[in-house]
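The structure appears right after this line, and notes come after that.
First listed ligand is number 1; within each ligand, the first listed atom is number 1. Not measured: the values here are computed from a predicted model.
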Amino acid sequence: MTRKFLLSLLLFLLGISAFKISYAATLENVRYSYGSGTVRIVLDLTDKTDFEESTAENPSRSIIDLQNTRVAPNLHNYSAELNSTAAKKIRVAQFNSNTTRIVIETMAAVNIFKLNNGPSGYRIVIDVGNAAFKENPELNKPKEPEIKIETPKEEKELKDDKKSKEDKKSKDDKKSKDDKKSKDDKKSKDDKKSKDDRKSKDDKKSKDDEPKNIEDDLKELTGLDGKTIVIDPGHGGGDAGAIGPTGVMEKSVTLRVSLELEKLLKAEGANVIMTRRTDKPVSPRGDSASAIEELQARCDVANRLKADIFISIHADSFTNPDARGSTGYYYEKSTSPDGRRLADAIRRGLCEQIQTPSRGTKPCNFYVVRHTDMPATLLELAFISNPEEEKILDSEEGIKKAAQGILDGIEDYFG
Ligand SMILES: [Zn+2]
């Protein structure tokens, strides 16, 4: 009898601790707020919790499984439409006995942060959209109380990072050798070019019946001649994009860099088409176009022309003003590996010129890289939310260097 009693007591105590473990937290509230092209979703919890992140297709969605968490009764099967280009819908459900599932319908990048002592207990902040703030913990050590947690996915990314760093090192070694070589080459090419320029002009006079050969010669010299390049300055018109601490607007930075880049590319003989050259939306419906219509209008420009490459230029932004650096994005599921190669070359060229830390070349679901038929990249120049980088992005020198860096990258890509 006593043994039986002790056994029940033991089981009872185990039961209590098991109960505590399996329901560490309750999800009490879901809040969201809109930025320009971004949505911030805040989950209020009664206790700390871990989560796992995954994605699914058709429609594109981001899934966040909160471990050992249950949904408060008032949030049971909660669902809301989100009025943003970044995300369409959010749903909350008790997925199984100890997992609460958050599903966000989105094609944009999703970044999750855990805040362990928010005013209302514990919070998980989910940023959907262009506020890329992930990986490279050395660059962006979140301030307390933000605690970055390592999910299995991130571990994989860290490994990849390590690998890519090693790759980069061996590439850099090679590159610095090559650099010297290519400088020498360039010099001799330049010499050759100016000689050939004179020569080809002379030729043109005498051999007007063979214009094709002269064109071919020029193509060999520049590598960009005859290439159709679509430049897409992000945002515009009523959509300012992100805004820096002193009020510099993303839409004007992207346009300034793009116009400068257009000049440089045209000088190299490229056929350059801008999705916009003024502070206006691209869609013929103007500011009354939906976000998707506006983005599709930009893709249409490149798709109709059957452009060789598409480059969408943006500036990054995040709530933590310390976030900084440049990121190249590409669409991972593209059938050709050229998007990634393009994103990588351009991001590298940019970082070398404006001296921003590299945040790497990353896959994304951004609409414009996903819905363009040619190798495409979306470039986040730097963080307009970072006071130092805002200054770079607002200076004449910074604009010129950024354009030069992108040009270097394009040359590298076609070279
Ligand atoms: Zn943007």
- Name all residues meeting the ring pair (Phe, Tyr, Trp, His ring centres under 6.0 Å) criterion together with Tyr413; count only those two or more places apart in sequence or in a different chain, and write none if there are none. none
- Evaluate the criterion side-chain contact (heavy atoms from CB on, under 4.5 Å) for residue pair His371 and Gln296; output intermediate values, then yes/no. CA-CA 7 Å; His371 292 90; Gln296 186 60 50; 4.2 Å; yes
- Task: Write the atom name of the N, O or S atom in His314 that is nearest the Zn ion (ligand 1).
- Result: ND1
- Could you pull out the atom name of the N/O/S atom in Glu250 that is nearest the Zn ion (ligand 1)? OE2
- Could you tell me whether Phe318 and Phe383 have their ring centroids closer than 6.0 angstrom? no
- Set of residues satisfying side-chain contact (heavy atoms from CB on, under 4.5 Å) with respect to Arg277, sequence neighbours excluded: Leu259, Glu262, Met274
- Is the distance from the Zn ion (ligand 1) to some N, O or S atom of Glu380 under 2.8 Å? no
